[in-house]
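On a predicted model such as this, the values are computed, not experimentally measured, just so you know.
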Amino acid sequence: MGNLFTDIRTAVRLTGEVRKARKQGVEVKVVWRLPVVKTGYWGWTMEGCLLYGPKWKPVLSAFESLPEADQHALTFTPEKPGEWIERARLFRDLLCQRQ
C-alpha cells in the first residue's frame with residue numbers, strides 16, 4: 001500500500017504545482033506516455049482468422065514477408081468479383097517462392 005499513498009501524494013503535489021503555474025499565466029501541458037504494442041496486420045486479415053495453428057505458419061511467414069503497405073491492404077476483405085481469386089493466387093505465389 002505504500003506505493004498507493006506515494007502516488008496519491010505525488011498527484012496532489014503535481015496538481016498544486018500545475019494550479020500555481022496556471023495562476024501565474026503559464027501554459028501547462030500534461031504529457032502522459034503509454035506503451036504501445038504493435039500487433040501487426042495478420043490478426044485483422046481473413047486468413048489470420050481462419051488459418052490458425054502450426055501448419056499455417058508458412059502462410060503467416062509469407063504474409064510477414066510483404067511490405068507493410070501490402071499487409072495493411074490485405075486487412076480489407078475483397079469486395080469485387082475476382083478479388084478472392086486474386087488473393088488466393090497471391091498467397092499461392094508467395095508460398096511457391098518460399099519453397
Side-chain angles (χ1 to χ4, degrees):
M1 281 281 197
N3 288 337
L4 176 63
F5 292 120
T6 303
D7 291 345
I8 292 171
R9 193 173 335 142
T10 301
V12 169
R13 183 181 52 79
L14 288 173
T15 302
E17 289 177 17
V18 167
R19 292 182 77 181
K20 182 179 177 182
R22 286 173 57 194
K23 285 179 183 177
Q24 294 174 355
V26 176
E27 181 181 346
V28 177
K29 292 183 181 182
V30 177
V31 178
W32 190 276
R33 294 179 188 240
L34 296 174
V36 176
V37 177
K38 184 175 181 199
T39 59
Y41 296 109
W42 177 250
W44 294 97
T45 65
M46 61 185 188
E47 293 84 6
C49 296
L50 299 172
L51 310 175
Y52 181 75
K55 70 179 182 177
W56 299 106
K57 187 85 170 155
V59 180
L60 170 60
S61 296
F63 176 82
E64 289 177 338
S65 72
L66 295 171
E68 188 172 346
D70 294 342
Q71 290 180 21
H72 180 264
L74 288 170
T75 61
F76 300 97
T77 304
E79 295 177 1
K80 298 177 186 170
E83 287 182 344
W84 291 87
I85 295 169
E86 289 177 27
R87 191 168 177 136
R89 287 183 181 141
L90 169 72
F91 277 102
R92 180 197 63 195
D93 294 346
L94 285 170
L95 290 168
C96 287
Q97 290 173 4
R98 298 179 70 80
Q99 291 180 351

_Stepwise side chain to side chain contact (heavy atoms under 4.5 Å, CB included) check, W84 with M46_ = CA-CA 11 Å; W84 291 87; M46 61 185 188; 3.1 Å; yes
*Any side-chain heavy-atom pair from Q71 and W42 closer than 4.5 angstrom?*
no
_Applying side chain to side chain contact (heavy atoms under 4.5 Å, CB included) to L90 and L74, what does each step give before you reach the verdict?_
CA-CA 11 Å; L90 169 72; L74 288 170; 3.9 Å; yes
_hydrophobic_cluster_shared for F76 and W44, side chain cutoff 4.5 Å_ = no
*asked:* Nearest 0.5 Å, please: how far is CD in E47 from OG1 in T75?
replied: 10.5 Å
*Which heavy-atom pair separates L95 from P58 by the least distance, and what is that distance?*
CD2-O, 3.5 Å
*asked:* If I take atom NZ from residue K80 and atom CD from residue E86, how far apart are they, to the nearest 0.5 angstrom?
replied: 9.5 Å
_Minimum side-chain heavy-atom gap L66-L94 below 4.5 Å_ = yes
*May I ask you to say whether E27 pairs ionically with R22, meaning some side-chain N is under 4.0 Å from a carboxylate O?*
no
*Do E17 and R13 come within less than 4.5 Å of each other through their side chains, counting heavy atoms only?*
yes
_Residues E83 and R87 bridged, charged N to O under 4.0 Å_ = no
*asked:* Just so I know, are the side chains of F91 and V59 near enough to count as touching, which here means a heavy-atom distance under 4.5 Å?
replied: yes
